[in-house]
Amino acid sequence: MEIKESIKVNIQSALKKLGVCLNVDDITIDQSKDPTHGDYASNIALRFAREFKKAPAEVAKLIIENLDMNQFDKVEVAGPGFINFFVKKSSITNIIETIIDQGKDFGRGETKNKKVNIEFVSANPTGDLHVGHARGAAIGDSIARIMEFNGYTVIREYYINDAGNQINHLGESIEARYKEALGLPFSLPDDGYHGEDIKDIAKIIVNEKGDSLVNTNSLDFFMTRGMELELDKIRKDLKTYGVVFDVFSSEKAIRADNAIDKELKFLSNHTYVDGGATVLKTTDFLDDKDRVIVKSNGEYTYFLPDICYHVNKLERKFDLLIDVLGADHHGYINRMKSALMMHGYDKDILEIELIQMVRMMKDGEEFKLSKRTGNGYTLRELCEDVGVDAARYFFVMRNANSHLDFDLDLAVKQSSDNPVYYAQYAHARLCSILDSGKEFNLNKKADLLKENSELALIKMLSSFPDVVKLASDERAPYKITNYIHDVAEKVHQFYTNCRVIDKDNIDVTSSRLALCLASKIVLENALHLVGVSAPTHM
RNA sequence: GCGCUUGUAGCUCAGUUGGAUAGAGCACUUCCCUCCUAAGGAAGGGGUCGGACGUUCGAAUCGUCUCAAGCGCGCCA
């Protein structure tokens, strides 16, 4: 069992002897920052002093008297009533064997029997993905990986708005470029897409169809074929980026079979007509304003098919829907939740993760990111310039709801300034040591480890399952990159302070090699959760 | 005007859900390779945690007010 967990259980049974029953989760244990405070500390006595009607320090003393002392060298009361645990070395080093035995599964959470649908990117297939999508993709996919690892069944879904005007504009733009490619007169639509990529698509269609589409009414073909080709590019770029979707949902398909009219009928208890428009009374639930779903000219607003889509997802029996959206969509949250509540769902069945804007910085200035003008910096260019690992690490490194300044100069530099290399280098170093020491036996008991830098590293490794759970519960991949940094730091300190391979001291060598292997496993598992590779040499 | 998000070191950001002396990276000043990768390690300077009041043993963290920034408040998507 993990150290913290076993201390919690220990405290729990001590409290039970005192007549207090608590859940293990209600007991908090922190790793001590100051070594004079022991290895771990708990504030449990401070928090529950009131219920005992005694001074915190006295409560702490009572708890200590009822602890099973087998795993500790010493336990003491400190300050206003903290309990400081000095853990036996053997109790700390135990985890190494667990890590090595579990390997890729170390840190994995118990199966939750819950299906989660995570929808992200969902960019219209009218051009290349830009860096805003890239952040959403990195965060969405990392949340998926983390929740999967923590025991959820996860489906990654991409929603294609293929029923709207954008696709018309795409078709018209491709048609114009098609004529251009054939040397015919053409005019680009004002609302069209003017990027170079549209010319490439037109050329592909020329290759496929020659000039057979010139005088025919082929807009539908340009639309559907164009969309397919755009989607192929997006899929390919995402795959390079390490993101693979399980499901692509199409708005057109959702709309088929009169789904929208059926939905409208279903919602009719919650609608009223105002000025010829049909308005949904979302204010009956969470919204601060009612929302039009059918315009007075009879057209639907985007909101109605979106409701259909979410209902469609829920009909596929998910326990939780997560939408990863740009922060400018925050007004949308209560609106959609209200609509789902009209269907009898709990408001928490839908979670929206908002992603703040990315500013790409180069030479101290911001890039503008307009897809429309064709000047946007794309995911593909980003991967070519800084590599997938750096891109994903940078995007995930910060809390999603804070703005991100992506320093392109720094990321391109591929030097030690770049935080992703710090972590990867630690992994590569470990691999290098393991390779040099492959003729020695590994001692999974690792019972000779006693240096501070060894024990600090082991404690850090030991907390990985906790970090996974926290990152999963909070949908916070940046907790993983923070953790990766901390482990890498401890690895580098260990490397500097402790010579691993020593032919004159084979016992210590075997123990340290085991620690190297355990560290390598944890780093690899953690890097995998954010889609960053763990290179064996650099 | 209303709502959401954010204010922590020169810059970019953490802060284990209310705990002990507020941390990391970058930048700056030093020091450390005869030895498993120096893409590393060690030390140092740098802070009114936007501000005020409150809650309690204890607040960067919770509450109220306030200031500032970004975004949202369409019969646009």
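- Between A/N168 atom CG and B/A77 atom C1' there is a gap of 14 Å when expressed in whole angstrom units.
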Nucleotide N/O to protein N/O under 3.5 Å, stretch nucleotides 67-71 of chain B:
{"from": "B/C71", "atom 1": "O2", "to": "A/H330", "atom 2": "NE2", "distance (Å)": "2.9"}

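- Among the heavy atoms of the strands lying under 4.0 Å from A/G275 is at least one base atom, whether or not backbone atoms are also near.
- Neither side chain, A/D287 nor A/S338, offers a donor N or O lying under 3.5 Å from an acceptor on the other.
- In this model, a side-chain donor or acceptor of A/N84 finds a partner on the base of B/A20 within 3.5 Å.
- Taking atom NZ of A/K295 as the reference point, atom C1' of B/G74 lies 10 Å away to the nearest angstrom.
- In this structure, A/R429 forms a cation-pi arrangement with A/Y495, its terminal cationic atom sitting closer than 6.0 Å to the ring centre and no more than 45° off the ring axis.
- Across the protein-nucleic acid pair, A/I355 atom CD1 and B/G72 atom P stand 17 Å apart, rounded to whole Å.
- The distance from atom CZ of A/F406 to atom P of B/C26 is 17 Å, rounded to the nearest whole Å.
- As judged by a 4.0 angstrom heavy-atom cut-off over every strand, A/S432 is placed among the base-contacting residues.
- A donor and an acceptor atom never sit less than 3.5 Å apart when one is taken from the side chain of A/T301 and the other from the base of B/C75.
- Taking for each of A/K289 and A/R398 the nucleotide of RNA chain B with the nearest heavy atom, the 5'-most of the two is the partner of A/R398.
- Checked by atom type, the side-chain pair A/N161/A/E251 shows a donor-acceptor distance below 3.5 Å.
- Nucleotides B/G19 and B/G10 are separated by 30 Å at their C1' atoms, to the nearest Å.
- Checked against B/A14, B/C75, B/U37, the side chain of A/S296 finds its nearest nucleotide in B/C75.
- An aromatic stack links A/H37 and the base of B/A20, using centre distance under 5.5 Å and interplanar angle under 30°.
- Across the protein-nucleic acid pair, A/H492 atom NE2 and B/G25 atom C1' stand 13 Å apart, rounded to whole Å.
- At least one side-chain nitrogen or oxygen of A/N401 sits closer than 4.0 Å to the OP1 or OP2 atom of B/U6.
- The separation between A/N297 atom CG and B/C75 atom C1' is 7 Å, rounded to whole Å.
- Taking a cutoff of 4.0 Å between a charged side-chain nitrogen and a carboxylate oxygen, A/E157 and A/K313 do not qualify as a salt bridge.
- For A/Y302 and B/A77, a side-chain-to-base donor-acceptor distance below 3.5 Å is present, hydrogens and geometry of angles not being considered.
- Here B/G23 presents its P atom at 13 Å from CD of A/E489, a figure rounded to the nearest Å.
- Side-chain atoms of A/S533 and A/D389 form a donor-acceptor pair, as typed in the model, at a separation below 3.5 Å.
- In this structure, the aromatic ring of A/F82 is positioned over the six-membered ring of the base of B/A20, centres within 5.5 Å and planes within 30°.
- Distance from the side chain of A/R335 is smallest to B/A77 among B/A77, B/C75, B/C36.
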